[in-house]
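Worksheet: one structure, shown below.
Basis for what follows: all heavy atoms, side chains included, without hydrogens, waters or symmetry-related copies. The structure presented is a predicted model; accordingly, all values stated were derived computationally and were not measured. Read the numbers this way: they start at 1 and go in the same order the structure lists the ligands and their atoms.
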Amino acid sequence: MASSTLNLCCTIEGASAEQQAAMDLLGKQFLLPDERLAAITKEFRRRMEEGLAADGKVLKMIPSFVTWRPKGNETGSYFAIDLGGTNLRVLKVTLNGKGGVTTEHQKFTLTQEAKSRTLFDFIAQCVETFLDDRNLRPTGRQPPISIGFTFSYPVQQTSINSGILAQWTKGLNVPGCVGRDVVRLLQDALLRLGLRVKVAALVNDTVGTLLSAAYNDPSSQIGIIFGTGTNAAYYENVSNVAKWKGANPASGEMVLNMEWGAFDSDDFAFLPYTPHDIKLDRKSINPRKQAYEKMISGLYLGEVARNIILWLADQRLLFDGRSSEILNAMWSIDTSYLSSAAIDNTPDLSEIQQIIEKTLNVPTSTMVDRRIFKTIAVLVGERAARLSAVGVVATLTKRLELLSKKINIGIDGSMYEHFPGFKEILAETVSHFIPEDKFKNINFSLAKDGSGIGAAIVAMLATQTQ
Ligand code: GLC
């Protein structure tokens, strides 16, 4: 979908003049012209430089201590823990030596208690269950198992296997962890269970995604998550990282975890904030933080749409002014409903009718209501995809020299994988900002489950290079 054709998407068949005027306003707010994106990208680049120069900046540009690349011919089985916002996975990853992997994993849902108090004991118990169920628990005579720990939150790394939690993001907010070394917290919990498991690497999910993409394709330079949250990691020349005071690695390069979800959070000056975004931000658990992430990622888009829907309903422009208890509750619209709505091409928009009347319990909906609902889903998704391109373009132009030959970008996350049109709009938008002869060298690949796989690879590389 080219952005010019999307301008048509706000014309609602059968709408009253008032309904159409409201949709036109939304169109103006959500369909961002290329010039606007160019201005945001320029600022994004400036913020990257600022983060490379000093600590404590809005883009943290965190050194990951990963200074190697896998060759793709490594073999063996390695373990990882992948902590996301709602789930935890423990994995055994087997590298086949030809860039491919097989995984055996077990998924655990974080309990309320884990989320509010006992997170690290919970993780240790999951590791114990995984090992015991498979008879893999090392006995006193065996060497400890090395495990990679994917921790998808901003951590100021102090070594490959230590790092201080800077703040919680996305849905998690466990007290007593900010300011502490998360590996220490986990290692202590493992010790309490008497498990001979050593946390060999601490890895952000974007770093894991990049490393897993690199095992499969050595031209991989950037790893990105467009999922519940959003962020990216890339290989940078250490000589470009003025704030780096450590030793110069032999490879001369290091993966940086950008923590790009925080972009614009200090002054709220560049992103296209609408009243619907401001309302979400104010009521979120982290107001004035993760501004970019709140416009792009799965945790938030349903809520942006809900705010728009209520704004229309309150003016009697939608559902004849009616709402429901469910629709009135924050977070009641999951981003997956927007995915389903955006691709509903049935003649009577029956999928959307189901969402409105059954899932959200709004008594009835007209065809115009359903068309408006679909348009909101498309608008919110379109803005997310186009803004996502900003981060990608800023990162690519930072390393423009790499684009003279083929490069791969490994991407994972539900928005990228499942939101209709997201991938296409993202690539299309990037193509507007990168010269054609360079753009043709870029390959966007899905690095499915890369975060956990990559952590196992980093654990392997870390243990081999010690
Ligand atoms: C949030 C976290 C970041 C993570 C991203 C994607 O932005 O702060 O560390 O990489 O979500 O999961």
Side-chain angles (χ1 to χ4, degrees), residues 44 47 51 57-66 80-89 110 119 148-157 163-174 177-178 182-183 201-213 222-234 255-266 271 281 284-301 335 384 387-388 390-392 395 409-419 422 446-455 458:
F44 203 104
R47 297 307 197 144
K57 299 298 178 189
V58 73
L59 289 194
K60 292 192 171 68
M61 310 298 284
I62 303 171
S64 69
F65 289 76
V66 173
I81 302 165
D82 188 358
L83 175 70
T86 38
N87 292 314
L88 170 83
R89 287 185 317 144
L110 293 180
L119 182 66
F149 181 27
T150 304
F151 186 75
S152 319
Y153 300 90
V155 159
Q156 200 60 51
Q157 293 227 191
I164 308 295
L165 177 62
Q167 72 189 54
W168 286 113
T169 51
K170 299 177 286 189
L172 225 55
N173 203 358
V174 189
C177 302
V178 172
V182 291
V183 172
L202 172 65
V203 179
N204 184 261
D205 53 354
T206 56
V207 179
T209 300
L210 173 53
L211 269 282
S212 102
I222 306 177
I224 310 181
I225 301 283
F226 292 120
T228 308
T230 185
N231 186 17
Y234 74 107
V255 175
L256 298 184
N257 163 17
M258 297 171 75
E259 285 296 330
W260 78 16
F263 172 67
D264 210 33
S265 300
D266 51 348
L271 291 173
D281 181 64
S284 66
I285 56 168
N286 53 354
R288 309 286 296 183
K289 297 218 165 86
Q290 302 297 98
Y292 185 56
E293 181 161 85
K294 284 175 178 155
M295 289 190 184
I296 289 186
S297 67
L299 182 60
Y300 304 104
L301 297 191
T335 299
L387 283 175
S388 297
V390 164
V392 177
T395 312
I409 305 181
I411 309 179
D412 198 9
S414 50
M415 285 301 295
Y416 186 77
E417 200 183 348
H418 301 303
F419 203 97
F422 187 95
L446 179 69
K448 184 89 187 115
D449 295 336
S451 50
I453 296 169
V458 179

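- Nearest to atom 4 (C) of ligand 1 by heavy-atom distance, out of Asn286, Asp205, Thr150, Thr228, is Asp205.
- Ligand 1 lies nowhere less than 4.0 angstrom from a heavy atom belonging to Gly261.
- The only option from Val183, Val458, Val207 that meets the side chain to side chain contact (heavy atoms under 4.5 Å, CB included) definition with Leu202 turns out to be Val183.
- The ring of Phe419 has its center no closer than 6.0 angstrom to the ring center of Phe226.
- The ligand atoms of ligand 1 that sit less than 4.0 angstrom from a heavy atom of Pro154 are 8 (O), 9 (O).
- Counting the atoms of ligand 1 from 1 in the order shown, those under 4.0 Å from a heavy atom of Thr169 are 1 (C), 2 (C), 8 (O).
- Set against the non-hydrogen atoms of Asn231, the atoms of ligand 1 under 4.0 Å away are 3 (C), 4 (C), 5 (C), 9 (O), 10 (O).
- Using cut-offs of 30° and 60° for the angle between ring planes, the Phe263 and Phe44 rings count as tilted.
- Side-chain contact of Ser451 with Asp205: a donor-acceptor pair under 3.5 Å is absent, judged by distance alone.
- Comment: Glu417 engages Lys448 in a salt bridge, judged by a side-chain N to carboxylate O separation of less than 4.0 angstrom.
- Listed for the Asn231 side chain is a donor-acceptor partner under 3.5 Å among the backbone atoms of Trp260.
- In this comparison of Lys170, Lys289, Glu293, Glu259, the heavy atom closest to atom 7 (O) of ligand 1 sits on Glu293.
- No side-chain heavy atom of Ile409 sits under 4.5 Å from any side-chain heavy atom of Thr395.
- Checked by distance only, ligand 1 and Thr206 stay at 3.5 Å or farther apart across all their nitrogen or oxygen atoms.
- When only interatomic distances are considered, the shortest N/O to N/O separation between Asn257 and ligand 1 does not fall below 3.5 Å.
- Residue Gly227 places no heavy atom under 4.0 Å from ligand 1.
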